[in-house]
Number of protein chains: 2
Amino acid sequence: MTQAIETFAKYLNSKDLKLTKERKTVLQEIFLHGGHLDVEDLLHSLRKKKKRASRATIYRTLELLVDSGLVRKVDLGHGHSHYEHVLGDAHHEHMVCLKCGKVIEFSDKRIERSLNKLCEKSGFEQCSHHFQIFGYCKDCR
Amino acid sequence: MTQAIETFAKYLNSKDLKLTKERKTVLQEIFLHGGHLDVEDLLHSLRKKKKRASRATIYRTLELLVDSGLVRKVDLGHGHSHYEHVLGDAHHEHMVCLKCGKVIEFSDKRIERSLNKLCEKSGFEQCSHHFQIFGYCKDCR
DNA sequence: CTTCTTGCAAACCATTTGCATCATT
DNA sequence: AATGATGCAAATGGTTTGCAAGAAG
């Protein structure tokens, strides 16, 4: 958490941008909240905690957070973006249940390994990737 | 191609929908064109061939095509959807170059296999999946 | 103090939808 | 003929942006 703020501060500094309280607030909210959340979620959580940041500022901050590598933007098939923090190596992908909307996170070392080999072989320098599986979870099938 | 139209006709029939010339036109255009294309591409190609289908009809038809399983909707990170036809088993995923925009298709049996096992193990009934890698192609890195 | 930020509301852009007219079965 | 489908234009919904007022370094 402190770690994340420091990293963000360093990133902002390197771009001559300022660490405002709104930016800090948004970052904290994402890191306190475990999973993926969207702009509306963020807006509500902040309101509940009597903190403030306009929708515009949230969008602008999220872009910075994604660019800094602290946050990942993911598509869960809802027609709008979700965001989740990235801490260290806990990389994972998403299974989305088309009926109940549940999102199951998963990760697979073999898949990641195959992926890296693949990029290496084709000379592709990977920045990010995202794997989504859509279907029905065991409670809904 | 004829195959695709027949499949679509069967699908439409099963839902008491009609095979109109606009729907046939859109389907043909997607199957004639090799790769992934968006609504704007479709609109231009059709205009060039003096065929017609409104934007609304294209959107409506694409939804049906996706639902019928003949076409796949993919996210190439452009802020809008792309579509590509699905013929048999030639399943593939996408690497997108963030600089030149080039899209490289790839497929990996090991990944597909790991994936299927994963779903099986967790009792998840897979409908579709999509794997995107963003980065820089060998000409742009 | 200078430069960057914020919040607001307007603008944008992809996609969807209501409705009157037209085509397929 | 009856039921759907089309095209248009208006509506929608997420996201971006211009600008005047405010805060960080």
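Naming convention: chains lettered A, B, ... in sequence-line order (proteins, then strands); numbering from 1 in each chain.
Relative to the axis of its first five pairs, the axis of the last five pairs of the helix from C:dC1-D:dG25 to C:dT25-D:dA1 sits at 40°, rounded to 10 degrees.
When DNA chain D is scanned 5' to 3' for any atom under 4.0 Å from a heavy atom of chain B, the first and last hits are D:dT3 to D:dC8.
Phosphate proximity of C:dG7 to A:Arg52: present, with a side-chain N or O under 4.0 Å from OP1 or OP2. Applying the 4.0 Å criterion to OP1 and OP2 of C:dT5, one finds that A:Arg23 has a side-chain N or O inside that range.
For the contact set between residues 71-85 of chain B and DNA chain C, defined by any heavy atom under 4.0 Å, the members are B:Gly79, B:His80, B:Ser81. In the region residues 36-48 of chain B, proximity to DNA chain C at under 4.0 angstrom, judged on heavy atoms, holds for none of the residues.
More than 12 non-hydrogen atoms from other residues, nucleotides or ligands lie less than 6.0 angstrom from CD of B:Glu40. Within 6.0 Å of CD on A:Glu120 lie no more than 12 heavy atoms contributed by other residues, nucleotides or ligands.
In this structure, the side chain of B:His33 engages the main chain of B:Gly35 through a donor-acceptor pair within 3.5 Å.
Every residue meeting the side chain to side chain donor-acceptor pair (under 3.5 Å) condition with A:Gln126, not counting sequence neighbours, appears here in chain and number order: A:His129. Scored by the salt bridge (Lys or Arg N to Asp or Glu O under 4.0 Å) test, A:Asp67 finds A:Lys15 as partners (sequence neighbours excluded). A:Asp75 is linked by a salt bridge (Lys or Arg N to Asp or Glu O under 4.0 Å) to nothing, counting only residues two or more places apart in sequence or in another chain. Residues satisfying the salt bridge (Lys or Arg N to Asp or Glu O under 4.0 Å) criterion with B:Arg52, sequence neighbours excluded, are B:Glu22. For A:Arg72, the salt bridge (Lys or Arg N to Asp or Glu O under 4.0 Å) test picks out A:Glu84, A:Glu93, with sequence neighbours left out.
Here ring pair (Phe, Tyr, Trp, His ring centres under 6.0 Å) pairs that include residues 43-82 of chain A, with residues two or more places apart or in two chains, are A:His78-A:His82, A:His80-A:His82. A salt bridge (charged side-chain N to carboxylate O under 4.0 Å, His left out) check over residues 130-141 of chain B, counting only residues at least two apart or in different chains, returns the pairs A:Glu125-B:Arg141, B:Lys102-B:Asp139.
Going from atom CG of A:Asn116 over to atom CD1 of A:Ile111 covers 12.0 Å, rounded to the nearest 0.5 Å. Once rounded to the nearest 0.5 Å, the distance linking NZ of A:Lys21 with NZ of A:Lys24 reads 10.5 Å.
Each of B:Glu63 and A:Ala53 has a nearest nucleotide on DNA chain C; the 5'-most of these lies closest to A:Ala53.
B:Leu42 is listed as a side-chain neighbour of B:Ile30, based on a closest heavy-atom distance under 4.5 Å.
Ring geometry for A:His85 versus A:Phe31: interplanar angle over 60°, hence perpendicular rather than tilted (30 to 60°).
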Reading 5' to 3' through nucleotides 17-25 of chain C, protein heavy-atom contacts under 4.0 Å coded B for base, S for sugar-phosphate only, - for none: BB-----BS

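What you find for B:Ile104 and B:Cys137 is that their closest heavy atoms are CD1-CB, 4.3 Å.
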